[in-house]
Amino acid sequence: MMQWSHWEWDTWFRDTDVVIIGSGIVGLSAAISLKTHVNNLRITILENGSLPSGASTRNAGFACFGSVTELLDDLAQSSENEVFDLVEKRWRGLERLRALAGDTALNYETHGSYEMFKSDEAATFGECVERIDFLNKKIAPITGEPQTFSSADEQVTRFGFANIAHLILNRSEGQLHTGQMVQALIRIAREKGIQIFNGINVESIEDSSTGVIIHTKNGWEIKAQKALAATNGFTRRLLPDLKVTPARNQVLITKPIENLPIKGCFHYDKGYVYFRNVGNRILLGGGRNRHRKQETTDQFGITENIQDYLKKMLHDHILPHKKIEIERWWSGILGIGERKSPIVQQVSENVVVAARLGGMGVAIGTLTGEEGAKLLL
């Protein structure tokens, strides 16, 4: 174990006020919010990965708050107030993120999103169409858009899909570049004097009446007044009693495709499958619901059965008449639970957790981080 020198301790770790574990959207947003409210706080962010690991830079970059089938599925399990309160939080979170980082830095685009229905899913589509007016009335006060959802079957041919019979358009959703998003938040944090250290694996948090001690894998003990765990899908490694279940999502991106007709975000199967254009490429991910036990893990990796399913979606439905080469595969780790609302709570006298983003981190991450910061003030 390498010990700190006096100079290292005195320069970087003396008199730390707050340690935030995790440098994704939640951790960075929390740190920025804390520093904005109390400028003289000495804040340190500890990140396990060489880059922000987990989901913030490994997701699809959907600025979304819920497709029709997802919202209807939520309504079957939760009350109207719970469902639309969460939609409002997602919308407010997106607004906060855009205000904080700026649309240019986020490479934010407003092409809308579409939900797809295959030819044999006419009954499901019919049920969704019947509820569109209800959903629009509920969502209008949140987004200011009176007709968020509408049928868009006429777009199927334009996009070139095969065996897709119906589309529902969501006018209010967009897309962004998640790498640039985190890069922008890191820049803001550093401009405010927030320290960020990568490659530090936190093993445990010890709380006491005098503050917290952060124990790391390399043997360092970092003392602070308070701590925030912003580790989402990895939260139970630190706080095993919390109801946060890790879930792996696998993703691919194609090489550039000439004359790509697709622009916007697309949802399928209650949001478990999703794709979008990234310039003239297609990014496609999801399918974990087809192999739930296998994908309930906090280990990164790619599996053949998910690969086969996503490739079949790509070739049979999304781009059936084009030669496609896949450039890259990767995976990200989500934090989910029986309830879709995030966990933002004080778990001991000086420790707060902000986690369980339910696959909606881009939408709700900034707001969740800011709510966690309030509990530390």
Side-chain angles (χ1 to χ4, degrees), residues 60-98 108-161 163-176 262-277 286 289 317-318 338-342 357-360 362-364 367:
F62 275 40
C64 61
F65 52 83
S67 65
V68 173
T69 55
E70 182 179 359
L71 294 176
L72 294 181
D73 188 54
D74 292 345
L75 286 166
Q77 302 175 57
S78 305
S79 69
E80 285 187 18
N81 286 341
E82 287 178 309
V83 172
F84 293 108
D85 283 351
L86 187 54
V87 169
E88 183 176 6
K89 283 188 175 183
R90 291 167 177 170
W91 180 259
R92 285 170 50 213
L94 285 169
E95 294 290 286
R96 289 293 303 123
L97 173 62
R98 294 173 66 186
Y108 187 83
E109 300 177 85
T110 53
H111 301 305
S113 71
Y114 298 83
E115 182 159 18
M116 297 170 42
F117 300 83
K118 292 181 181 179
S119 303
D120 60 356
E121 295 169 334
T124 303
F125 172 72
E127 292 170 5
C128 291
V129 169
E130 288 179 1
R131 303 296 297 278
I132 281 178
D133 285 346
F134 163 76
L135 293 174
N136 283 341
K137 287 176 183 177
K138 288 289 186 179
I139 292 173
I142 299 171
T143 64
E145 167 57 59
Q147 298 293 324
T148 295
F149 296 110
S150 62
S151 178
D153 290 356
E154 72 281 357
Q155 303 287 356
V156 173
T157 302
R158 179 170 71 89
F159 291 133
F161 298 144
N163 300 315
I164 300 298
H166 304 286
L167 294 173
I168 293 178
L169 168 66
N170 181 335
R171 291 176 174 81
S172 300
E173 293 189 336
Q175 60 198 66
L176 51 77
I262 296 167
K263 186 172 286 188
C265 296
F266 295 81
H267 308 262
Y268 176 67
D269 192 13
K270 300 176 184 177
Y272 282 108
V273 177
Y274 47 86
F275 66 95
R276 57 168 284 196
N277 74 298
N289 59 319
H317 300 287
I318 300 170
E338 292 180 1
R339 297 171 61 87
K340 287 195 173 182
S341 56
L357 304 186
M360 288 279 185
V362 169
I364 208 168
L367 189 65

- All heavy atoms of Thr148 vs all of Thr143, minimum pair found to be OG1-OG1, 3.7 Å

- Query: Which one of Glu109, His111, Lys263, Gln175 satisfies the side-chain hydrogen bond (donor to acceptor under 3.5 Å, both in side chains) criterion with Asn277?
  - Reply: Gln175

- Message: Would the distance check show the side chain of Glu173 and the main-chain N or O of Phe65 forming a donor-acceptor pair, the cut-off being under 3.5 Å?
- Response: yes

- Message: Any non-hydrogen side-chain atom of Ile318 less than 4.5 Å from a side-chain atom of Tyr268?
- Response: no

- Message: Suppose we screen for ring-ring contact (aromatic ring centres under 6.0 Å, His included). Which residues come up paired with Tyr274, at least two apart in sequence or across chains?
- Response: Phe62

- Trace of the side chain to side chain contact (heavy atoms under 4.5 Å, CB included) decision for Lys270 with Ser67: CA-CA 7 Å; Lys270 300 176 184 177; Ser67 65; 5.8 Å; no

- Does the ring centre of Phe266 sit less than 6.0 Å away from the ring centre of Phe161? yes

- Query: For Arg171 and Ser150, does a side-chain donor sit closer than 3.5 Å to a side-chain acceptor?
  - Reply: yes

- Task: Measure across Ala363 and Cys64 and return the closest heavy-atom pair with its distance rounded to 0.1 Å.
- Result: CB-O, 3.2 Å

- Verify side chain to side chain contact (heavy atoms under 4.5 Å, CB included) between Leu169 and Gln155, making sure each step is shown before the conclusion. CA-CA 9 Å; Leu169 168 66; Gln155 303 287 356; over 6 Å; no

- Give the minimum heavy-atom separation between Ile164 and Lys118, together with the two atoms involved. CD1-CG, 3.9 Å

- 4.5 Å side-chain heavy-atom contact, Met116 and Leu167: yes

- Task: Give the C-alpha distance, both sets of side-chain angles, the deciding distance and a yes or no for side chain to side chain contact (heavy atoms under 4.5 Å, CB included) between Leu71 and Arg131.
- Result: CA-CA 10 Å; Leu71 294 176; Arg131 303 296 297 278; over 6 Å; no

- Task: Measure the shortest side-chain to side-chain distance between Leu75 and Leu135 over non-hydrogen atoms and say whether it is less than 4.5 angstrom.
- Result: yes

- Message: Tell me every residue that passes ring-ring contact (aromatic ring centres under 6.0 Å, His included) with Phe117, counting only those two or more places apart in sequence or in another chain.
- Response: Phe125

- Note on the structure: For Val83 and Ser78, the nearest pair of non-hydrogen atoms, with its separation, is CG2-CB, 4.0 Å

- Out of Phe149, Phe159, Phe275, which residue meets the ring pair (Phe, Tyr, Trp, His ring centres under 6.0 Å) rule with Tyr114? Phe159

- Listed partners of Glu70 passing salt bridge (charged side-chain N to carboxylate O under 4.0 Å, His left out), at least two apart: Lys340

- Checking side chain to side chain contact (heavy atoms under 4.5 Å, CB included) for the pair Ile364/Leu86: CA distance, chi angles, key distance, verdict? CA-CA 9 Å; Ile364 208 168; Leu86 187 54; 3.7 Å; yes

- Check the surroundings of atom CD in Glu338: do more than 12 heavy atoms from other residues, nucleotides or ligands lie under 6.0 Å from it? no

- Message: Looking at every heavy atom in both Gly66 and Asn170, which two are closest together, and how far apart are they?
- Response: O-ND2, 4.0 Å

- Item | Closest heavy-atom pair and its distance - Ser119, Ala165 | CA-CB, 3.8 Å

- Item | Separation of Ile262 CD1 from Arg276 CZ (nearest 0.5 Å) | 12.5 Å

- Note on the structure: Rounded to the nearest 0.5 angstrom, the CG-NE2 distance for Asn163 and His317 is 5.5 Å

- Note on the structure: Sequence neighbours excluded, the answer for salt bridge (charged side-chain N to carboxylate O under 4.0 Å, His left out) partners of Arg339 is Glu82

- Task: Decide, yes or no, whether a salt bridge links Arg98 with Glu95 under the criterion of side-chain N to carboxylate O below 4.0 Å.
- Result: yes

- Go through the structure and list residues passing salt bridge (charged side-chain N to carboxylate O under 4.0 Å, His left out) with Lys138, not counting sequence neighbours. Glu80

- Task: Can you measure from OG (Ser151) to CD1 (Ile132) and round to the nearest 0.5 angstrom?
- Result: 6.5 Å

- Message: Using the ring-ring contact (aromatic ring centres under 6.0 Å, His included) criterion, which residues pair with Tyr108? Sequence neighbours excluded.
- Response: none

- So, Glu115 side chain and Thr69 main chain: donor-acceptor pair closer than 3.5 Å or not? yes

